[in-house]
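Notes to accompany the following structure.
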Amino acid sequence: MSQRLRHLTTLEHLPRDTIERLLDRAETMRDGCAHGTRKLDLLAGRTILNLFFEPSTRTRTSFELAARRLGADVVNFDIGFSSTSKGEALFDTLHTLEAMHLDAIVVRHKVSGTPDELVRHAMSGVSVVNAGDGNRAHPTQGLLDALTIRQHRPDFAPLTVVICGDVKHSRVARSDVHALGGLGVKEIRLCAPRALMPEPSEFPQCILTDDFDAAVESADVVIMLRLQKERMAATDLPDEAAYFERYGLDKRRLERAARGALVMHPGPLNRGIEIASEVADGPQSRILEQVGNGVFVRMAVLAEVLGR
Ligand code: NCD
C-alpha cells in the first residue's frame, strides 16, 4: 500500500494504487453524502485556504463545498488577474496567510510550477493542493474525469479515449493522460490543430493527430477541451467557425465513436466552438456528472492530505 500523500501537485508518477485509493475514497464520500450524512466531521477544526490567482467557477466552488462538507473552516482569497509580479509578492502573501494558522492551501495560478514552489516555501505541516497551474497540471480534474469514466466503464484496460481541442495549453489534458495512463487505459489519442498540438516528446504514450474524424473513430470516451484564448498568442487563435467545422463535436461526428461513448468536457464550455449544444446536453453527455464528482474527489483529496 503506497504512502499517504501530504501534498497533491500532479498525478504524474503517482502509483496506480494511490490513484485508485483516491477514487475509492471519493466514492465512499459520495455514498456518505447520498445516505444523508449531511456533514462529516473528519476535518473539524482544520482551516483550508483557497488561493486563486486565476478565475474559476467549478473548481473553487467545489473545493469550498468539499472542505465545508468535511467540517473544515474555509477562507477564500480570490486574487483574479493580479498584476503583482510573482516571486516576492506570492511568498509575502503566503507567509501573511500562514500566520493565521492554516492546515492546507488550495492554489490556482497561471504560472506552471507555482504549487511546487509553495510546497518548498510553505511552513511544515501545511499541505498544498494544486487546483490548476498554467498548462502543467490539474490533478483533481484528472481524478474526477477518471472517476466519471470508471462509474460507466469499470475496466480501463480495453478503453480508447480521445482528448480533442487546445491540448497544448491544457493542464486538464496532461492530468487526464497521467490519470488514465496510470490506470491502464489501452489507448489515448490527442487531437488538435497543428498550432495547438503539444510537443510529441511530452506524450510518448499517446497517439497525436490533427484529424478529428479519424481520432474519434470507435473511441469509448470523447473528452473535449476549451480553446484557452487567454493562454494563446494572437497568431494562434483559430477562426471559430472553421475550428468547429474540423474539431467541433456534433451529433454526426459522435456517431463515429463507439456506441454509447461517454462525452466529457471540464468546462467552461464554448458552445458551437468545440462542442454543439445537441451533444453537450444530449444523452451521452457526462458533463454534469463530472461537476458532481468534482466535489467528492476534492473531499477525498483533502481528507487524504489532511488525514492524521
Ligand atoms: C479547466 C481549467 O481551469 O484548467 N477548467 C476547470 O477547472 N473546470 C479547463 C478550462 O479552463 O478550459
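Whatever order the structure lists them in is the order used to number ligands and atoms, beginning at 1. The structure presented is a predicted model; accordingly, all values stated were derived computationally and were not measured.
With Asp116 as the partner, the side chain to side chain donor-acceptor pair (under 3.5 Å) test is satisfied by one option alone out of Arg136, His7, His121: Arg136.
The pair Arg21-Asp24 fails the salt-bridge criterion, with no side-chain N (NZ, NE, NH1 or NH2) lying under 4.0 Å from an Asp/Glu carboxylate O.
Protein neighbours of ligand 1 below 4.0 Å, counting non-hydrogen atoms: Arg58, Thr59, Arg108, His138, Gln141, Arg171, Val172, Arg226, Gln228, Pro266, Gly267, Pro268.
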Quiz item: Is there a salt bridge (Lys or Arg N to Asp or Glu O under 4.0 Å) between Glu274 and Arg253 once you walk through the steps?
Solution: CA-CA 12 Å; Glu274 71 261 354; Arg253 230 173 221 138; over 6 Å; no
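Minimum heavy-atom separation, Ile163 to Leu225: CG2-CD1, 3.7 Å. The shortest non-hydrogen separation linking Tyr247 to Asp210 is OH-O, 2.6 Å.
In His101, the NE2 atom is not crowded: 12 or fewer heavy atoms of neighbouring residues, nucleotides or ligands sit closer than 6.0 Å.
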